[in-house]
Amino acid sequence: MIIDGKQIAAKVRGEVAQAVKGLVAKGLQPGLTVVRVGEDPASAIYVRGKRKDCEEVGIRSDEHHLPATTTQAELMALVARLNADPKVHGILVQLPLPKQLDERQVLDAIDPRKDADGFHPFNVGALSIGIPGTPRPCTPAGVMRMIDEAKVDPKGKRAIVVGRSNIVGKPMAMMLLERHATVTIAHSRTQDLAGEVARADIVVAAIGKPELVKGAWIKPGAVVIDVGMNRLADGRLVGDVEYAEAARRASAITPVPGGVGPMTRAMLLVNTLDLARRAR
Ligand code: NDP
């Protein structure tokens, strides 16, 4: 089975649009504010996409686009203003920031109750110790929704997450653990990655290396989630998993493109909606 991220993301957007309508009827217009600094072309594209998604579901979106020469103090002042603005329910600072800016300090300054990306240390801790109702990083949250839609119950299963970044690998592992999987986290120093992957019932690859996970490693019947997005020299977009062979062995697999990518975008809308609902 192919787990169709585009289709599930459309379903999620439909649910959000419905819920937004309900809030607007009660006089609450959910709003996401995106902060972009400098002229990174990929960031411009991502922000445009996020704002278009908001528009489609009825979430108000604003963008603060600051020059590449912005100082730390200026950016911190903007975050403080947005924290204090009751119309702003979600704040998202698009990364990467220009070199002179301290990303961690900026992310830490966002009010955790407005943290649309779920990257604030409070929310990271909340996920880790199981405080409910806090925003969660969009990519792993999207993966969990895909696993649920595929009717896969992680409980008791062996799961491996390849990659330990703060935005994907680590929160992914926490979410699978929360759902009672037996979780292994693999990374660049893991010995015998092939052997570790071969034992897993659920494989999540979040590495950023084209087709590093070989199809032949996949245990027959395993569920394979490919987070990777790698642009090859010939322009093709491929994941971190060798798709064709993995698809032959897996019971369910996500394609690239059209898998995790659309889900990440959709979960940002879910986070913004939830932040608006809890705002007071
Ligand atoms: P990072 O570069 O932050 O992390 C990559 C991880 O992979 C690191 O933990 C690294 O280990 C590990 N790794 C690198 N090489 C190997 C190896 N040979 N064997 C095992 N592990 C290895 O990447 P991100 O987590 O930000 O992103 C991962 C991928 O997912 C990228 O392709 C990115 O484009 C994609 N992505 C896709 C999204 C989507 O919506 N579809 C959203 C976010 C990311 P170590 O820690 O030891 O260095």
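We count ligands from 1, going down the list as the structure has it; atoms in each ligand are counted the same way. Everything quoted here is computed from the prediction, not taken from an experiment. By convention here, the first residue in the shown sequence is residue 1.
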What protein heavy atom is closest to [atom], reported as residue, atom name and distance in Å?
atom	value
atom 44 (C) of ligand 1	V168 CG2, 4.0 Å
atom 42 (C) of ligand 1	T139 OG1, 3.3 Å
atom 5 (C) of ligand 1	I207 O, 3.3 Å
atom 40 (O) of ligand 1	T264 OG1, 2.7 Å
atom 20 (C) of ligand 1	H187 O, 3.1 Å
atom 1 (P) of ligand 1	S165 CB, 4.1 Å
atom 33 (C) of ligand 1	M229 N, 4.3 Å
atom 47 (O) of ligand 1	S188 OG, 2.5 Å

Which of the atoms in ligand 1, numbered in the order shown and given with their element, are less than 4.0 Å from a heavy-atom of [X]?
X	answer
R189	47 (O)
G163	6 (C), 7 (O), 9 (O)
G208	28 (C), 29 (C), 31 (C), 32 (O)
G261	40 (O), 41 (N)
N230	32 (O)
A206	5 (C), 6 (C), 7 (O), 28 (C)
I167	26 (O)

Should side-chain heavy atoms under 4.5 Å link Ile, Leu, Val, Met, Phe, Trp and Tyr, which residues sit in the same cluster as L237?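 So far as hydrophobic clustering goes, L237 is joined with M229, V256.
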
Under a 4.0 Å heavy-atom limit, does K209 contact ligand 1 with its side chain, its backbone, both, or neither?
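K209 to ligand 1: side-chain contact only, backbone stays beyond 4.0 Å.
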
Please classify the V227 to ligand 1 contact at 4.0 Å (heavy-atom distances, strictly less than): side chain, backbone, both or neither.
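For V227, backbone and side-chain atoms both sit under 4.0 Å from ligand 1.
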
Exercise. T190: heavy atom below 4.0 Å from ligand 1, yes or no?
Worked result: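 No heavy atom of T190 comes that close to ligand 1.
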
Salt bridge flag under 4.0 Å for residues [X] and [Y]:
X	Y	value
R179	D148	yes
R136	E178	yes
E149	R145	yes
K6	D4	no
E196	R158	no
K214	E245	no
K219	D201	yes

Original post:
Roughly how far, to the nearest 0.5 Å, is the CG atom of L95 from the CG atom of D117?
Top reply: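 Answer rounded to 0.5 Å: 7.0 Å.
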
- Query: Going by atom types only, do Q94 and K50 share a side-chain donor-acceptor pair under 3.5 Å?
  - Reply: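 Checked: Q94/K50 side chains pair up, N/O donor to acceptor below 3.5 Å.
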
Kindly identify the option in M267, R164, E196 whose heavy atom sits closest to atom 8 (C) of ligand 1.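 Nearest heavy atom to atom 8 (C) of ligand 1 lies in R164.
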
message: Can you confirm, on distance only, whether ligand 1 has an N/O atom lying under 3.5 Å from any N/O atom belonging to L212?
response: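 Looking only at distances, the answer is no, because the N/O contact criterion of under 3.5 Å is not met.
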
- Message: Could you check whether atom CZ of R113 has more than 12 heavy atoms from other residues, nucleotides or ligands sitting under 6.0 Å from it?
- Response: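 No, because the 6.0 Å sphere around CZ of R113 holds 12 heavy atoms or fewer from other groups.
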
Side-chain atoms of residues 74-82: list all donor-acceptor pairs with protein atoms under 3.5 Å, sequence neighbours left out, distances to 0.1 Å.
from	atom 1	to	atom 2	distance (Å)
E74	OE1	T71	N	2.8
E74	OE1	T71	OG1	3.4

